[in-house]
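Below: the structure, in structure tokens.
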Amino acid sequence: MTDPESGRSVAIKSNRDALVVFTPDDLDGFKFDRGAGVPHMGIALEAQSLPDTPNHEGFGSVLLPKGEEKTYSISYKATF
């Protein structure tokens, strides 16, 4: 993801199969470099498993059998 105005960017690498993007409605009262907070001024990126996996064959599985462990990773590379 890149902000053309500032040139800042972030690259995300994960072994999860989905990325949830969230832009909050309510940022009133927050201060940012570009001024006061306005709706959708911030963004959150969350690596997750695809939702509703039991009902979609191609979504993989989120089941974790008893006694097994699963490790996920995520890394970020930011440019300022």
Side-chain angles (χ1 to χ4, degrees):
M1 180 172 63
T2 302
D3 175 19
E5 186 175 326
S6 69
R8 294 180 290 196
S9 67
V10 64
I12 301 170
K13 187 174 183 177
S14 175
N15 61 349
R16 302 301 289 263
D17 51 12
L19 185 69
V20 175
V21 178
F22 174 72
T23 56
D25 295 347
D26 187 9
L27 291 173
D28 294 337
F30 286 89
K31 302 291 182 195
F32 295 92
D33 290 344
R34 296 184 187 172
V38 296
H40 312 292
M41 188 176 197
I43 188 167
L45 304 170
E46 302 174 6
Q48 298 182 1
S49 294
L50 288 169
D52 202 22
T53 60
N55 298 308
H56 301 277
E57 186 177 314
F59 279 18
S61 176
V62 293
L63 296 178
L64 184 62
K66 183 178 179 178
E68 289 190 23
E69 293 182 13
K70 178 69 178 171
T71 301
Y72 295 102
S73 66
I74 185 168
S75 63
Y76 300 89
K77 181 178 181 183
T79 304
F80 297 94

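Heads up: numbering here begins at 1 and tracks the sequence. These values consider heavy atoms only, across backbone and side chains, with no hydrogens, waters or symmetry-generated copies. Quick caveat, the model's predicted, so the values are computed rather than measured.
For the residue pair V62 and T53, the shortest heavy atom distance occurs at CG2-OG1, 3.3 Å.
Separation of atoms CG (N15) and OG (S49) is listed at 9.0 Å; rounding is to 0.5 Å. Between the OG atom of S75 and the NZ atom of K13 there is a distance of 6.5 Å, given to the nearest 0.5 Å. One distance of note links OH of Y72 with CD of Q48; it measures 11.0 Å at 0.5 Å rounding. Rounding to the nearest 0.5 angstrom, the gap separating the CD1 atom in I74 from the CG atom in L19 is 7.5 Å. The CG atom of L50 lies 9.5 Å from the CZ atom of R16; values are rounded to the nearest 0.5 Å. Rounding to the nearest 0.5 Å gives a distance of 7.0 Å between OH of Y76 and CG of L45.
Under a hydrophobic clustering in which Ile, Leu, Val, Met, Phe, Trp and Tyr are joined whenever their side-chain heavy atoms come within less than 4.5 Å, directly or via other members, V21 and I12 fall into the same cluster. Put simply, F22 and V10 are part of two different groups of oily side chains (I, L, V, M, F, W, Y) that touch within less than 4.5 Å, one to the next.
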| task | List the steps and the verdict of side-chain contact (heavy atoms from CB on, under 4.5 Å) for E69 and L64. | result | CA-CA 7 Å; E69 293 182 13; L64 184 62; 6.0 Å; no

| task | List the steps and the verdict of side-chain contact (heavy atoms from CB on, under 4.5 Å) for S9 and D3. | result | CA-CA 6 Å; S9 67; D3 175 19; over 6 Å; no

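Taking the centre and axis of the six-membered ring of F80, the NZ or CZ atom of R8 falls outside the cone set by 45° and 6.0 Å.
Here the side chain of S14 pairs a donor or acceptor atom with the backbone of S73 at under 3.5 angstrom.
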